[in-house]
Amino acid sequence: METYVKTRRHPALPAPSRQTGLIGWMRRNLFSSAGNTITTLVCAAIIALTVPPFFNWAVLDAVWYASDGSLCRAEGAGACWAFVEAKFGQFIYGRYPAEEIWRPNLILLLFFLNLAAVLTPRMPYKGWLAATLLFIFPMFAWGVLHGGKFGLSVVETSDWGGLLLTLVIALSGILASLPLGILLALGRRSKLPVIRTLSVLFIEFWRGVPLVTVLFMASVMLPLFLPEGVTFDLLLRAIIGVALFASAYMAEVVRGGLQAVPSGQYEAAKALGLSYWQMMGLIVLPQALRVVIPGIVNTFIGLFKDTTLVLIIGLFDFLGIIRANFTDANWASPNTAATGYVFAAFVFWMFCFAMSRYSLYMEKQLSQGERR
Amino acid sequence: MRNQAPALIFGIVFGALLVYLFLPGAPSGPARDAQELSKAEQENLAPEAARGGTLRVVRERGELLCGVSQGLPGFSNPDDEGDWRGIDVDVCRAMAAAIFGDASKVRYRALSAKERFTALQAGEIDVLSRNTTWTLTRDTVLGLDFAGVTYYDGQSFMVRRDLKVSSVLELDQATICANTGTTTELNAADYFRTHGLEFEMVVFEKTDEVIAAYDAGRCEAYTTDASGLYAERLKLKNPDEHIILPEVISKEPLGPAVRQGDDRWADIVRWTLYAMIEAEELGVNSANAEQMKKSDNPSIRRLLGVENSYGQNLGLRGDWAFQIITQVGNYGEIFERNVGKNTPLGIPRGLNALWTNGGLMYAMPVR
């Protein structure tokens, strides 16, 4: 009787071709069941119906260079990128004088340097850098952007516009709303009745009125209450309105975080003999804020997009100035408005996406301790 | 003690900035301009300024605050450089030319339709030049004072050229697109009913929807104010295939307004307007104004301030009209530059022609 004993391992055969490579991947992920197959086909049909026409419009048929809108008006013309090109400076800086453009550029550069320094984990003197960003930087930025002293010519805020204005309003709102929101959240959970009542009133009032109303009140009603001839800066009014509005939302986000910190943490802090501010600053807030990073960034992104509402009080933010330029008869065409909106959407998306990625990064950094 | 260095730096910078921001600034442009007025001019002005409050405020500020729209093609819209252009804008530039001798001394405030009247009442602007229709209600209870008409607008109809229609009266059984809830809807319905025509109304909330529906052929005619029709026509796929019918079925006289109660200021706006119309009538334009100073025609000599300085009666400089015409132009130039035949809008003069050409533009004599 002969036995067959295999002396060598059989070499591993490649997996059946239907289960590897592109086909295998598609079988596993796109056509694994009847339901999935239908979904895949429907989605493919939607993509095939929408993407090629959009690509044709945005790239192939687009008008890239033109000195006025006549080419964009021609039959079969696609996106009118020449419009964005001709107005680009205006979209970014509004009517800020061309020879003074270095001022907003400098401020933006310094802002992002300062911000990067604050956002970098384990930066030396981080607290002082944050304080600089919160207190020194806004004053410095105002001094440089508005000018009027030390040889800088005055640039009235009514000449600020475009992306510059959007960033000024959104960043002022963001910078002001986080500390204000934290204070309000602490106030709302305070045991002191007066502080608690005031915080609750403030939060509920500002959360209860629409931002449009706030801006409209600031722009239309306020001047009627002030003595005649006394006006104060429209942009300042808008920034204050946006900041107060956002801080009410921020307060509720932060309060959610405070409630998530177990009471044992408070008790332990007290048992160590920490004062109220030490307890909050060293034990409670670092844990509370970490929990609500998604909520905070969510509020920031909402605030950033809400700045477009300032158009109703006659400030031309990024979207506002794009829309105002739709009325330039030289560029009027069936494609001008669509092109402008696509451009605006893309720029807004870039900023919001950057914020959201940073928040994901921070969440991962800060939750190291919990992932073991 | 190494931790005190950043605190010290922070404190010093913070303090320095506080001082910097609250330090009184150097005198800015406007104040200096007031000082630069010649002594003779100032003496001449003194009694006028005392009576005309707004003029004095404007002179001291050194610039005119002008309320315009947030964008209306041909009336006030930003150009490629971001400067405001349009008929309404040119009215303000003409006023600045008359007051300061410099048409660029205007600061524009873009106003929505809702806030325009409050902004004027609250003194945030000196003049409202924002395609505003002159009506009795606005002239009385809203506390405005209209200074004249810069553009006679009115509701009209746009149809496809291949419909071969030349009058609204031929639009029997037509479907008409309009904005919902506006007077245009009512006006059109009234007009069709009084002329015994059958019609069907298709209304939309937003102008973009109306124009899209019209372009897609859902209706035969689109109705709104004529200036709007010319602007919206540019957004159609083939603008040349559409015509605007000659009938104007409503009255929308657009003009600049000021606060009630400052008659001298209203006079300045009114006569700025008249000076531009009068100049067109007399054949004076921005190119030939300098030569026209030598003209024998007494009307031209009076207008340009060669004989009798009528500007001073207004509290302005003697060459006020000359400055308006050389820096901004006469009414015809302004019309043609902003909305006329050679612009994309291509609006014919129509009612806005001079009275001598069958229009309504008629200036009171400067004398």
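The figures here come from the full heavy-atom set of this structure, side chains too, leaving out hydrogens, waters and symmetry mates. The model shown is predicted, which means the values in this text are computed figures rather than measured ones. Just so it is clear: chains get the letters A, B, ... in the order the sequence lines come, proteins before strands, and each one is counted from 1.
- Rounded to the nearest 0.5 angstrom, A:T327 OG1 and B:L72 CG are separated by 7.0 Å.
- Heavy-atom distances place no part of B:E232 under 4.5 Å from chain A, backbone and side chain included.
- Residue B:N338: no heavy atom, backbone or side chain, is found under 4.5 Å from chain A.
- In this structure, CZ on A:R95 lies 8.5 Å from CH2 on B:W84, to the nearest 0.5 angstrom.
- Comparing B:L236, B:V339, B:D79, B:D215 by heavy-atom pairs within less than 4.5 Å of chain A, the highest count is held by B:D79.
- Ranked by heavy-atom pairs under 4.5 Å with chain A, the first of B:S112, B:P344, B:A119 is B:P344.
- Of the listed residues B:L111, B:T343, B:N238, B:L345, the one with more heavy-atom pairs under 4.5 angstrom with chain A than any other is B:N238.
- Ranked by non-hydrogen atom pairs under 4.5 Å with chain B, the options A:R73, A:R323, A:H146 are led by A:R73.
- Only the side chain of A:F216 has a heavy atom closer than 4.5 Å to any heavy atom of chain B.
- B:Q70 is listed as a side-chain neighbour of A:F316, based on a closest heavy-atom distance under 4.5 Å.
- In this structure, the side chains of B:E115 and A:I312 stay at 4.5 Å or more apart for every pair of heavy atoms.
- Chosen from A:L234, A:I136, A:T132, the residue pairing most often with chain B at heavy-atom distances under 4.5 Å is A:I136.
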In sequence, state the C-alpha distance, the side-chain angles, and the governing distance for A:S158 and B:R107, and then conclude on side-chain contact (heavy atoms from CB on, under 4.5 Å). CA-CA 8 Å; A:S158 54; B:R107 179 160 296 278; 2.7 Å; yes

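- Counting heavy-atom pairs closer than 4.5 Å to chain A, the top-ranked of the candidates B:A212, B:G86, B:P239, B:P78 is B:P78.
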Let's go through B:D80 and A:N330 carefully: what are the C-alpha distance in whole Å and the side-chain angles of both, what is the deciding distance for side-chain contact (heavy atoms from CB on, under 4.5 Å) to 0.1 Å, and is it a yes or a no? CA-CA 9 Å; B:D80 286 357; A:N330 282 327; 5.9 Å; no

